[in-house]
Amino acid sequence: MPPRRLLVTAALPYANGHIHLGHLVEYLQTDIWVRFQKLRGHNCRYFCADDTHGTAIMIRARQENRSEEELIAEMQAAHERDFAEFGIEFDNFGSTNSDENRALCAEIWQSIRDAGLVKEKDVEQLFDPEAGTFLADRFVRGTCPKCAATDQPGDNCSSCGTTYSPAELVDPQSTLSGATPEVRTAKHLFIELEQLHAFLDEWTQCGEHLQPEIANYLKGHFLGPTDKPEPLRDWDISRPAPYFGFEIPDSPGNYWYVWFDAPIGYIASTRQWCDKHGENLDDWWKSDDCEVHHFIGKDITYFHTLFWPGMLKTAGYSLPSKVHIHGFLTVDGEKMSKSKGTFVNARTYLDHLDPSYLRYFYASKLSSKVDDIDLSLDEFIAKVDKDLRGKFVNLASRSAKFVAKTGLSATYPKDEGLFDAASSAAAEIAQAYESCDYSKATRKIMALADSANAFVEANKPWELRKDPENEQRLQDVCTIALNLFRQLAIYLAPVLPKLAEQTGVLLGDPITHWDQAQTPLVGTPVAKFKHMIQKIEEKDVQKMIEESKETTPPTPASGELASADGNESANTTTLNDPWKDPGDPLAAEPLAEECTFDDFMKVDLRVARIVSAEHIEEARKLLKLQLSLGGGEYRQVFAGIKAAYDPEKLVGRLVVCVANLAPRKMKFGLSEGMVVASGPGGSEIYVLSPDEGAVPGQRVH
RNA sequence: GGUCCGGUAGCUCAGUUGGUUAGAGCAGGGAACUCAUAAUUCCUUGGUCGGGGGUUCGAGUCCCUCCCGGACUACCA
């Protein structure tokens, strides 16, 4: 096969945060693919960059009282250090805040203009008069227009889940300055993606560029059936000043939205590399001889499978040969959590554990599917120890020292076909790597390790060495074992570059090409064996988790927590509190702004008895309850607690309800109140009960 | 509710266009070995392939239906 020209990218990490284990799934997946292609002799390049623009960076720089440039330079240095220590090797790591990127944005923008895809529309957005900036949704908080929950984010209510625009919030507040934002109208520029509908339909559905489940998802959600396509929404790609980014040349005062210039960063990073190496950008981005491969997470599917191909197509650049989409990382089956210590930064990992462990573990879990992968800590420890140390490195460790003096045999001995079996497995393993099915590749490789260990076991070099008569046989057995080991090291080289390097040193022959696994090494010296990998220690994993725990609960701004009856206050810092409850519920939903006693009295909370409770088949979350306030006074209430409570078990119990809530018409009938409950939602809902002695109708003071 | 993806051993998964008796690794049990970083090897327990129905000479695989889990999307709190 002639060498392929391959341009590979991983998504650009945002300059606002540090690299964590979740990010690493992608950068390692991509790095392994790139190393594999390079090992095969292809002209493969791995480009990435920091994604630096947008409001979040601007705001943070302001808060830290420094320039955006200083901030992003610092973050980029940290990112690059973390990547390097994990063995992630980019051919170029750039920044979206670069001259190259600005020029490319302008060029591509012009093409999109020329193609008649741009239109102007007025957009109403909240503006912070004190900070002098428009506010993205998440920088506005206020009272939910539906359920009146206070201090809710600008796009949806964490209490009731309603989605709305920030302009609909009651009493909105800017999180930047605390000022009341005003609604201002600004001109925004939109790309009419719908004009590219036919092209996108064809491109996404042809079966070559996307995993089947992704193509399916796009068809179902955005593109619609071919005979009845749904129009694609216009894409808002401008933001009015002030905005940290690039000003749009033909629209002064407006800046490209970060999602416009971010993917162009792939090309800009390529250009930087081309300029450094005397290469021609067009050979990489405008040539049919070059394949472009993007690796991304499923959260940014939309941008990379619709907007981005649309932009490339319009501007005359190569379309991606393939967009490889992976799922998220969970730890011990759950979302990474700061309080549980499973939200682990790359740096924290590096302080305690060997990067090879994680490289191998991810490889052993990754497939070409979009499924999430789970880092079960027990499995991580067991697998790394068993496979890497017990099966793989052990092969060298148990045979190298017997031939340290003699080196390898001059000719390759008869080995019952083991070497041939492993060399003919090359094609299948390569195919697995090529299709990103690394779990399959590692499985195959470990099967080879098993048979190699069995060979050593059967031929007992430790007995052979006892009798000088067997000297030749001893050398032959170890020559075989070390050659089998070397084949594995070659096959694992994309995953474990450091071990491949160490193997090269041990056997005096650097691993540089996949095909080295086809020819045994003979007649060469063997270096003194040094440990190649340390045993993974459970206590180190524990330490890493401990260190990742965010134990300090956020201190309430007021320093006071009002208790339910309103007449006591407690300073949380001086209390003897043996429970040490974690702070995430409070962090997830910060305290609402202070209210007066009169405010509180507006809400009439009453003890009520649930006299009936029934399922509503069509509702996913709701139960229909009849509450008695005593004396024949009843309320029909729809409560979103279906996932957490059995209706039968609720009947008869006392609860607290908001008895004077304005009735609300719902899909299934009129709801005349609320049952108060805590919890994040889903099955985690905890209905409040009064203590024994309370009777329906009593007011809660 | 809609769309989609899943459900195979205690755990993680493999099962190619339907084809002998459903597999691997780990974990569990038993033995061997002592070269190796207490690593390794051999033997072994364990499955109504989510349930039911259908097509077929034959179904883990194809079709229908139901149950369960997940993702997205919506009504809604």
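Hydrogens, waters and symmetry mates play no part in the numbers below; they use all other heavy atoms, side chains included. Numbered from 1 within each chain, the chains take letters A, B, ... in sequence-line order.
- The side chain of A:Glu463 approaches B:U34 more closely than any other nucleotide in the set B:A39, B:U40, B:U34.
- Comparing B:U41, B:C35, B:U37 by their closest approach to the side chain of A:Lys401 singles out B:C35.
- The distance between atom CD1 of A:Ile445 and atom P of B:A24, rounded to the nearest whole Å, is 20 Å.
- Here B:U37 presents its C1' atom at 18 Å from CD of A:Glu538, a figure rounded to the nearest Å.
- OP1 and OP2 of B:A39 both lie 4.0 Å or more from every side-chain N or O belonging to A:Lys391.
- Between A:Asp387 and A:Tyr360, the side chains place a donor N or O and an acceptor N or O closer than 3.5 Å (distance only, hydrogens not considered).
- Taking the side chain of A:Lys365 as heavy atoms from C-beta on, and the options B:U41, B:A27, B:U12, the nearest nucleotide is B:U12.
- Distance, A:Ile381 CD1 to B:G25 P: 22 Å, rounded to whole Å.
- Checking B:U34, B:U12, B:U41 against the side-chain heavy atoms of A:Ala454 singles out B:U41 as nearest.
- When both pairing distances are held under 3.5 Å, B:G58 makes no Watson-Crick or G-U pair with any nucleotide shown.
- Contact check, A:Arg443 against B:A24: no side-chain N or O comes under 4.0 Å of OP1 or OP2.
- Computed from coordinates, the A:Glu457 CD to B:U41 P distance equals 7 Å when rounded to whole Å.
- Among B:U37, B:U40, B:C72, the nucleotide with an atom closest to any side-chain atom of A:Ser397 is B:U37.
- Pairing each heavy atom of A:Ala396 with each of A:Leu506, the nearest pair is CB-CD2, 4.2 Å.
- In this structure, A:Leu482 atom CG and B:A36 atom P are separated by 15 Å, rounded to whole Å.
- Here the shortest heavy-atom pairing between A:Lys365 and A:Ile373 reads O-CG2, 3.9 Å.
- In this structure, the nucleotide among B:A39, B:U41, B:C26 sitting nearest to the side chain of A:Ala382 is B:C26.
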